Amino acid sequence: MTLKVHNTATRSLQAFEPLEAGIVRVYGCGPTIYNHAHIGNFRTFLFFDLVHRYLDWSGYEVRFVMNLTDVDDKVIESAVESGITITEKTTPFGEAFLADSSTLGIRPAESYPRATDYIGAMVDFVQRLVDGGHAYPADDGAVYFSIASFAEYGRLKGIDTSTLKVGARVSHDQYDKEDARDFALWKAATAEDEQVEAAWDSPWGRGRPGWHLECSVMSIAELGETLDMHLGGEDLVFPHHENEIAQSEAATGRPFVRHWMHGRHLFVEGKKMAKSLGNFITLRELLDEGHDPAAIRHLLISSHYRGDLNFTRQGLEASGSALQRLLDFESRLKGLAVDAGADPSGLATIASEAVESFRGAMDNDFNSADALAVVFGFVSSVNAALDAHPAVIAADRDAALAALHSMDEVLGLLEVASASRVVDDDLAAYVEQKIQERSEARANRDFATSDAIRDELTGKGIVLEDGPDGTRWKVG
RNA sequence: GGCGCCGUGGCCAAGUGGUAAGGCAGAGGACUGCAAAUCCUUUAUCCCCGGUUCGAAUCCGGGCGGCGCCUCCA
């Protein structure tokens with residue numbers, strides 16, 4: 001059993017092996033924080049989370065770093081419009097992003113470096129490239145990376161850069177590049193940059209870093225010159241990651257990334273999510289509509305990260321139902337009566353087989369869809385076994401519960417669901433008391449009273465389930 | 001124009017050579033005072049046409065349909 005991951009650079013599955021045994025260095029390309037992240041962004045970040053959690057679950061020491069881009073064209077433009085500095089613009093959105101991530105159960109990264117905290121390192125990096133003949137200052141005050149100096153350029157995307165339709169969609173007339181394909185490492189500051197405090201001193205005058213530069217500099221600073229994994233959305237393959245490889249390897253002379261992994265973009269109601277289509281959906285909107293964050297998490301990980309995923313309200317409802325099945329199952333196990341003299345139920349075997357199947361699914365390039373199927377197959381098997389064996393020994397019950405929770409350490413579904421379903425003690429006590437009253441009524445076959453109590457609780461969002469061992473309740 | 005992806009039951013979605021996981025929804029039954037939860041049964045020759053093979057959803061060729069990147073973008 002070994003973990004196999006899809007590497008964009010080779011377009012094939014490769015056995016994963018970290019550079020340093022037992023430790024995995026992962027860098028994820030994070031969001032640009034000039035507005036709220038949308039659920040498409042979160043599909044990608046949930047993919048990162050699956051990688052993060054599964055590597056951890058597999059026993060690796062995971063060093064996971066994700067940047068927050070706080071200076072680039074969009075940030076500056078947005079700050080100018082708002083009449084504030086880039087820091088004033090990005091600080092609240094950075095906080096909102098981390099809060100949203102937490103709501104979805106995304107595990108915190110080891111650190112979230114921001115570009116503006118690494119300006120000095122970026123200047124040094126650019127200088128290093130200039131000194132090495134891989135970059136040149138131009139008359140327009142910018143410093144460009146010379147693609148001609150890096151023979152491997154285009155390898156990641158698998159393109160021959162000479163065939164690029166240069167200038168087809170972007171005017172290059174305004175730049176003083178030696179080669180139209182060259183990209184900016186450092187840009188000269190404009191009046192607007194100065195206005196929003198997005199300009200710094202450098203050997204080439206006042207300016208600011210180019211977008212591609214930050215990831216190289218920060219990942220190397222935080223994790224070293226060679227990363228085990230570098231994650232991002234599919235849109236970043238070219239030119240962003242291609243440029244990162246060029247500048248990083250040109251500067252260090254070492255392989256930059258061992259495994260490039262890219263997640264597919266989310267669709268919404270059958271269409272690409274785009275501002276022009278007006279179909280951007282933020283997490284906050286969905287929560288305001290009353291959707292459960294755990295159901296959102298379920299939907300966003302219910303398809304393999306490299307496959308298509310069309311986000312629909314209907315699908316979200318289905319995910320909510322699926323999640324409820326999981327919660328009911330957990331509740332059934334927790335409330336299970338144990339009997340030291342019970343016959344063998346086979347639960348321990350079912351549990352260990354499920355965990356192994358789960359491992360197999362996740363080892364296959366983090367196939368969360370398959371892993372989810374394993375979990376639900378496990379649920380069915382155990383439910384059937386429990387129907388056949390009303391009482392089990394404690395070890396069997398504990399094995400089943402442990403397996404469920406172990407798999408959930410990776411999927412994070414029950415974890416998120418329980419976090420959003422905390423019931424205050426007063427309500428819990430009230431419900432317990434009502435259930436007691438209802439039990440007495442039922443014992444007297446006073447079903448009118450019994451049903452009245454149940455209806456009242458239903459009105460409060462409490463669902464009752466009568467079983468042989470008493471009445472269970474849950475937040476519906 | 002270049003590079004690439006996808007087309008599996010009503011909906012969603014696994015499955016890369018041996019005769020189709022899982023979720024949701026639907027139907028029938030069991031259980032229940034009635035429910036809920038659960039269980040059982042039930043719904044697919046995998047877009048089409050050829051080819052390779054003892055055998056293909058899975059490989060090859062062609063076609064039809066949908067889509068992505070090549071530009072800031074998760």
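Below, chain A is the first sequence line, B the second, and so on; all start at residue 1. Bear in mind the structure is a predicted one, so any value in this text is a computation, not a measurement.
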Mind checking whether [X] and [Y] have parallel, tilted or perpendicular rings, split at 30° and 60°?
| X | Y | result |
| --- | --- | --- |
| His52(A) | Phe64(A) | parallel |
| Phe183(A) | Phe145(A) | parallel |
| Phe45(A) | Phe42(A) | perpendicular |

Quick one: does [X]'s side chain get under 4.5 Å of [Y]'s, heavy atoms only?
| X | Y | value |
| --- | --- | --- |
| Leu401(A) | Lys334(A) | yes |
| Asp193(A) | Ile76(A) | yes |
| Leu457(A) | Tyr430(A) | yes |

Determine the contact category for [X]: base if any of its heavy atoms lies under 4.0 Å from a base atom, sugar-phosphate if only primed atoms, P, OP1 or OP2 are that close, otherwise nothing.
| X | result |
| --- | --- |
| Gly467(A) | nothing |
| Ala373(A) | base |
| Ser450(A) | base |
| Phe47(A) | nothing |
| Glu465(A) | base |
| Gly315(A) | nothing |
| Asp73(A) | nothing |
| Leu266(A) | base |
| Phe376(A) | sugar-phosphate |
| Asp451(A) | base |
| Arg313(A) | nothing |
| Arg43(A) | nothing |
| Glu234(A) | sugar-phosphate |

Could you tell me the separation between the [atom1] atom of [X] and the [atom2] atom of [N], rounded to a whole number of Å?
| X | N | atom1 | atom2 | value |
| --- | --- | --- | --- | --- |
| Phe48(A) | A74(B) | CZ | C1' | 7 Å |
| Ile106(A) | A74(B) | CD1 | P | 14 Å |
| Glu356(A) | A21(B) | CD | P | 22 Å |
| His240(A) | A74(B) | NE2 | P | 9 Å |
| Glu317(A) | C24(B) | CD | C1' | 11 Å |
| Ile296(A) | A74(B) | CD1 | P | 19 Å |
| Gln314(A) | A13(B) | CD | P | 11 Å |

For a quick test of reading the model, state the closest non-hydrogen atom pair linking Gly30(A) to Asn67(A) and the distance between them.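 In terms of heavy atoms, the two residues are closest at N-OD1, 2.7 Å.
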Kindly say whether, by distance alone, the side chain of [X] makes a donor-acceptor pair under 3.5 Å with the base of [N]?
| X | N | value |
| --- | --- | --- |
| Ser319(A) | G23(B) | no |
| Arg306(A) | C5(B) | no |
| Asp308(A) | C12(B) | no |
| Arg325(A) | G23(B) | no |

Is the distance from OP1 or OP2 of [N] to the nearest side-chain N or O of [X] less than 4.0 Å?
| X | N | value |
| --- | --- | --- |
| Arg332(A) | U38(B) | no |
| Thr32(A) | C72(B) | no |
| Asn367(A) | G15(B) | yes |
| Ser380(A) | G23(B) | yes |
| Lys271(A) | C67(B) | no |

Going by 5.5 Å between centroids and 30° between planes, is there a stack of His265(A) over A74(B)? yes
Looking at [options], which one has an atom nearest to any side-chain atom of [X]?
| X | options | value |
| --- | --- | --- |
| Val463(A) | A74(B), C24(B), A36(B) | A36(B) |
| Asp370(A) | A37(B), A21(B), A35(B) | A21(B) |
| Asp466(A) | C40(B), A35(B), C24(B) | A35(B) |
| His304(A) | G23(B), A36(B), A14(B) | A14(B) |
| Arg454(A) | A13(B), C72(B), C34(B) | C34(B) |
| Ser303(A) | A13(B), A74(B), G33(B) | A13(B) |

Mapping Leu464(A) and Ser381(A) onto RNA chain B by nearest heavy atom, which one lands closer to the 5' end? Leu464(A)
Between Phe447(A) and His298(A), the residue closer to the 5' end of RNA chain B by nearest nucleotide is His298(A)
Span that lies between the P atom of C49(B) and that of A74(B), in whole angstrom: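 These two P atoms come out 43 Å apart once rounded.
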Can you check the distance between G26(B) and A37(B), where both ends of the measurement are the P atom (answer in whole Å)? 11 Å
Using purine N1 to pyrimidine N3 plus N6-O4 or O6-N4 for Watson-Crick, or N1-O2 and O6-N3 for G-U wobble, both under 3.5 Å, which nucleotide pairs with C34(B)? none
Under a 3.5 Å limit for both distances, which nucleotide forms a Watson-Crick or G-U wobble pair with C72(B), could you say?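 Pair assignment: C72(B) / none.
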Quick check: does any side chain N or O of Gln14(A) sit under 3.5 Å from a backbone N or O of Val5(A), one acting as donor and the other as acceptor?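 No; judged by distance alone, with no hydrogens or angles, the pair does not exist.
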